[in-house]
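In this text the structure is predicted, and so the values were computed from the model without any measurement.
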Amino acid sequence: MTYTTYSNRAVADILDGSTCLGWTDYVEGSLGDYVSDYDVAAIVDEYVDAINDVLPEGFRVVGDAIHREINTDYIEPESLRSLAEEVNFWEIAEKHEISGK
C-alpha cells in the first residue's frame, strides 16, 4: 500500500481545531494538574490506536499526521472528527492512572 499525507495536523483536524502541538500536548492539557497521576505515553498510544480503529479504511494516524492510501477517496476533516468522537478519552485515561488514588 502506498500512503500520502492527508494532514500534518492530526490533533487539530481530529479534535476540532485544537491548538495543541501534538498528542502528548493534548493529553497533558486534558489531564491538567493531574498529569503526574497518569502514564501519559500509554494514554497517547492507546488513544491514537483507538482513533485509528474508527477511521475509515485507508486512513491512519501516524505521529502527528494523518495518512491515507493513494487510491482512497478524500474525506472532509469534519467526517474524521465525528468518527473520532466515538473514542472515549477519559475511559482510556482511567486505565492508565498510576497515582493509586
Side-chain angles (χ1 to χ4, degrees):
M1 289 178 242
T2 303
Y3 284 85
T4 186
T5 301
Y6 170 87
S7 168
N8 283 318
R9 300 171 358 112
V11 178
D13 287 340
I14 289 178
L15 300 176
D16 196 19
S18 170
T19 59
C20 295
L21 300 175
W23 294 108
T24 300
D25 189 39
Y26 171 75
V27 169
E28 289 175 346
S30 296
L31 297 172
D33 292 340
Y34 301 97
V35 69
S36 63
D37 293 342
Y38 293 86
D39 181 344
V40 171
I43 294 170
V44 168
D45 289 345
E46 187 172 341
Y47 190 52
V48 170
D49 286 347
I51 289 172
N52 278 327
D53 288 345
V54 300
L55 291 180
E57 186 175 338
F59 284 80
R60 66 182 179 173
V61 173
V62 179
D64 293 327
I66 302 171
H67 297 280
R68 69 179 176 93
E69 287 183 37
I70 293 290
N71 295 323
T72 303
D73 291 335
Y74 180 84
I75 296 176
E76 292 295 328
E78 294 81 19
S79 297
L80 298 180
R81 234 177 263 133
S82 66
L83 291 168
E85 287 174 358
E86 297 175 23
V87 178
N88 186 328
F89 171 82
W90 293 107
E91 187 176 287
I92 292 169
E94 185 178 293
K95 292 191 280 184
H96 299 287
E97 184 176 358
I98 56 175
S99 69
K101 294 179 185 175

Do any side-chain atoms of residues 54-74 form donor-acceptor pairs under 3.5 angstrom with protein atoms, and if so which ones, sequence neighbours left out?
{"unit_1": "Asp64", "atom_1": "OD1", "unit_2": "Trp23", "atom_2": "N", "d": "3.4"}
{"unit_1": "Arg68", "atom_1": "NH1", "unit_2": "Thr72", "atom_2": "O", "d": "2.5"}
{"unit_1": "Thr72", "atom_1": "OG1", "unit_2": "Glu69", "atom_2": "O", "d": "3.3"}

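Of the inter-residue distances, the one linking Ser30 atom OG with Asp25 atom CG reads 9.0 Å to the nearest 0.5 angstrom. Atoms CG and CG, from Asp39 and Asp45 in turn, are 8.5 Å apart once rounded to the nearest 0.5 Å. Distance CD/Glu97 to CD1/Ile43: 9.0 Å, rounded to 0.5 Å.
Partners of Asp53 under the side chain to side chain contact (heavy atoms under 4.5 Å, CB included) rule, at least two apart in sequence or in another chain, do not exist in this structure. In this structure Glu91 satisfies the side chain to side chain contact (heavy atoms under 4.5 Å, CB included) test together with Asn88, sequence neighbours excluded. Residues forming a side chain to side chain contact (heavy atoms under 4.5 Å, CB included) with Asp49 (at least two apart in sequence, or on another chain): none. With sequence neighbours left out, Ser7 forms a side chain to side chain donor-acceptor pair (under 3.5 Å) with Asp13. Under the side chain to side chain contact (heavy atoms under 4.5 Å, CB included) criterion, Thr24 pairs with Glu28, Val40, Val44, not counting sequence neighbours.
One hydrophobic cluster, built from ILVMFWY side chains closer than 4.5 Å, cannot hold both Ile14 and Leu21; they sit in different ones.
Ser79 and Ser82 get closest at one heavy-atom pair: O-OG, 2.9 Å. The two atoms that bring Ala42 and His96 nearest to each other are CB-ND1, 3.3 Å, heavy atoms only.
Counting only heavy atoms from C-beta outward, the side chains of Leu31 and Tyr26 never approach each other to under 4.5 Å.
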